[in-house]
Amino acid sequence: MPHLTANPKTPRLAGMAATALCASLAALPLPAQELGGDLTYWGGLIFSEEANALLVSEIEAWGEANGVDVTVEMINQNETVQRVSAAVEANTMPDALDVGLELLLNLSAQGVFLTVDDLFAEVGAAHGGWFDSVAAATDTTAVAGGRTGIPYGVTGNMILRRTDLLPEPPRTWAEAVDMAASVTKPPVSGLGLALSNVGDGNLQVSVLQSYGGRLAGDDGKTVAIDSDATRAYLAWVKDAWDRGVFPPGNATWDGAGDNQAYLSGQAAMIANTGSVGIAARNDDPDLFAVTGYSALPAGPEGIISPIQPNLRAISATSDNPDAARALVAHLANPEFMAAYFATAIYGPVLQAQESMPAFDGSSLIHAGLMDLVRNGTPPGFPDVFNQGYAEALTTFVIPRMVQRVVIDNWTFDDAIAEAATQLQAIYAKY
Amino acid sequence: MTDPTASADRPRRRPGLTGERRLSAFALLLVAPAVLLVVGLVAYPFLFSIWISFTDRVIGGGGAFIGFDNFRYLSGQAILGSAARNTIVIVVVTGILKLAIGLGLALVVNQHIPGRGFLRAFLMLPWAMPAFVAFLTWRVLYQPIGGGFNLILTQTGLYPQVIDWLGQRPTAMPSVIAASVWRGFPFWFVSILAALQTIPRDLYEAAKVDGATRWQQFWTVTVPGIRHVVIVTALLSSIWTANAFEHVWLLTQGGPSDATMVFPVLAYLGMQTQRIGEAAAVSVVMLPVLAILVILATALLQRDDDR
């Protein structure tokens, strides 16, 4: 009968077995436990009503199973900054909430959120690990001394085009303008990009960067907007403007401008997160059928296609942080996330999510988001995504520089000089 | 030796307050809630926002006193000048247009014309409509393609080209002003109409007997009769317009470029960065302009009272 003998490898094997056991246990759904107390969650309202309802019901079911009296409030993501800012000042923050990276970064610097490095590691270990791009993009250690958010989905821009007009996707931004010009004939305009003071207008930052332009140097502080690359980018946008490929009104579009232009047939090509595709699928199957999806085109320096992670954060003033942590961990469970991804326009954040049905290639939008997670650039890249960079985005420095050129007919040098002054003042604050 | 009865002869002071003082104390007690309310809801937030503008306060942070740094930062921004200029333009031009339209319509509706009651109610509709609905509707009307104004112009052949009303500098500000006037004129209309109805008919009869023309009647009877109300309306309307956010935000977000940037939108953008010290400074920069308006209106009203 074989019996155990002393073996120098035994402790190592035992350690490995213990690690494997821990990992297996971590991968299992957490057993129901009575956490108790109250918990308020602010969810981010997205384009899919089905996904919104799913999130609410999942949180409520979790609350019931764990004896936690949950209140879920869905917040319009256009109002998140105002709502959260007011809540921080009034000390009425929810226990946990969905938040974008820019707001998370700014508020983490003020200690508004709990650090959750252990939870991040725990959730990652339970679901095959985080995608490297997601993990790198969401690390707030430099400003908060630790991670303050648990990623749950990735968005980003891709090109949506009418394949009946533009069979092939544009490979470069210059090609995009040429292709757009070839199909521009009122009421159809070729290239539906926003140049206005809204979030969509900040796509221009990515185009600028693909031309080699930078807001600041590698130190994340020294303003570097005054460059030949910026002039080359401005020449591109001025050329596109003069050739009339942009839909009229794009310098004052609101956040829905490109959506409406594409859905109403006024734009043959737009850059969008994919929400337009979902709207077309529901409301205009013909348009959906002829919509093609592709990565953002390249500039002379390559493709800049930043991923935009969305995260869940736990308020530092939460009265029930244990329940909040348990809920955030629970919301990463595969059953819920598989159903959520099927209806929401998010790319995966965890390796195990790649095998979910939403990302099996049958949905072109989700395939594009999967590609973004694999090949997208970190937020801000090649700039440093810090508070100065975030403020430059929030105050629309680059779209305003473009407007100086195309609306006010300023020279490139004057427009760049004004932008440089603005950026200098912004970066000097941090 | 002291007389033990002496103290009894002195006039005795009643313990506590005299009647007059008691009355004063009671009066103070009565006004205290109102004073507390004014201090709590008006003075405190007002002074607090001024204080914040001198700090580097951010959302979630304490904020230290930094003197005039926020104002220095703002003065270095070209957009501040645009915001000041645009705010003044919007306040002045919309004020004049609302006065002209409100007065004209009030004079018409004050006559004995058929359907007068319906007209009065109908003209109040823009004021009754929620601002965001009104301005989003205007935004749709201004759409370059499919917008109501362009459809009218192109379909009737009045102007063959599509006009980007909100997207180009020459038309953006007039478009914002037109929408603001549409939304705001009913307040002027109803205020002036109310004032017109307080002018005794006898005055017009007397003027007619004296041989006054319609213009002279308007100038010597109507204008003095509504002057007080017009000043107060102008003051209120100017303050509301200067502080209004939604008309510009919903139509242009302050663009294109800085063509329609105004103080409230600039302050809003400051809030988006969570730097409430800077955002408060934008609001505080507006105060002298508004203070001048208030002082001017008060002086005019005082002059009327003194006559």
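Computed over heavy atoms, backbone and side chain alike; hydrogens, waters and symmetry mates excluded. Chain letters run A, B, ... following the sequence lines, proteins first and then strands; every chain starts at 1. Everything numeric here is computed off the predicted structure, so don't read it as measured data.
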Asker: Side chain, backbone, both or neither: which part of B:Tyr142 has an atom under 4.5 Å from a heavy atom of chain A?
Answerer: neither
Asker: State whether A:Glu391 and A:Lys429 are salt-bridged, where the test is any N-O pair (Lys NZ or Arg NE/NH1/NH2 against Asp/Glu carboxylate O) under 4.0 Å.
Answerer: yes
Asker: Around atom CZ of B:Phe245, are there more than 12 heavy atoms of other residues, nucleotides or ligands at under 6.0 Å?
Answerer: yes
Asker: Within 45 degrees of the ring normal and closer than 6.0 Å to the centroid, is that where the cationic atom of B:Arg275 sits relative to A:Tyr430?
Answerer: yes
Asker: Look at B:Gly167, B:Ala259, B:Pro256, B:Gly255 and state which one has the largest set of heavy-atom pairs under 4.5 Å with chain A.
Answerer: B:Pro256
Asker: Under 4.5 Å, counting heavy-atom pairs only, tell me which of A:Gln260, A:Met93, A:Met401, A:Gln82 racks up the most with chain B.
Answerer: A:Gln82
Asker: Which bit of A:Val198 is near chain B, if near means a heavy-atom gap under 4.5 Å: side chain, backbone, both or neither?
Answerer: side chain
Asker: Do we see a donor-acceptor contact under 3.5 Å between the side chains of A:Thr184 and A:Ser189?
Answerer: no
Asker: To the nearest 0.5 Å, tell me how far A:Tyr427 OH sits from A:Gln387 CD.
Answerer: 11.5 Å
Asker: For the CG atom on A:Asp239, are there more than 12 heavy atoms of other groups (residues, nucleotides or ligands in this structure) within a distance under 6.0 Å?
Answerer: yes
Asker: Look at A:Gln266, A:Glu102, A:Gln422, A:Arg400 and state which one has the largest set of heavy-atom pairs under 4.5 Å with chain B.
Answerer: A:Gln266
Asker: Between B:Gln274 and chain A, with a heavy-atom cut-off of 4.5 Å, which part of the residue counts as in contact: side chain, backbone, both or neither?
Answerer: side chain
Asker: Using 4.0 Å as the upper bound for N to carboxylate O, is an ion pair formed by A:Asp408 and B:Arg169?
Answerer: yes
Asker: Report which part of B:Ile276 has an atom under 4.5 Å of a heavy atom belonging to chain A: side chain, backbone, both, or neither.
Answerer: side chain
Asker: If you count heavy-atom pairs within less than 4.5 Å of chain A, which of B:Thr260, B:Ile145, B:Leu269, B:Leu251 leads?
Answerer: B:Ile145
Asker: Is the shortest side-chain heavy-atom distance between A:Ile314 and A:Phe113 below 4.5 Å?
Answerer: no
Asker: Taking only Lys NZ, Arg NE, NH1 and NH2, and the carboxylate oxygens of Asp or Glu, determine whether A:Arg404 and B:Asp258 approach each other closer than 4.0 Å.
Answerer: yes
Asker: Chain A heavy atoms under 4.5 Å from B:Arg57: which part of the residue, side chain, backbone, both or neither?
Answerer: side chain
Asker: Quick one: which of B:Gln143, B:Gln168, B:Arg139 has the most heavy-atom pairs under 4.5 Å with chain A, could you say?
Answerer: B:Arg139
Asker: Looking at B:Leu250, B:Ile163, B:Ile79, which makes the most heavy-atom pairs under 4.5 Å with chain A?
Answerer: B:Ile79
Asker: Given the options A:Asp254, A:Thr394, A:Ile407, which has more heavy-atom pairs under 4.5 Å with chain B than any of the others?
Answerer: A:Asp254
Asker: Tell me, side chain or backbone of B:Gln77 under 4.5 Å from chain A's heavy atoms, or both, or neither?
Answerer: side chain
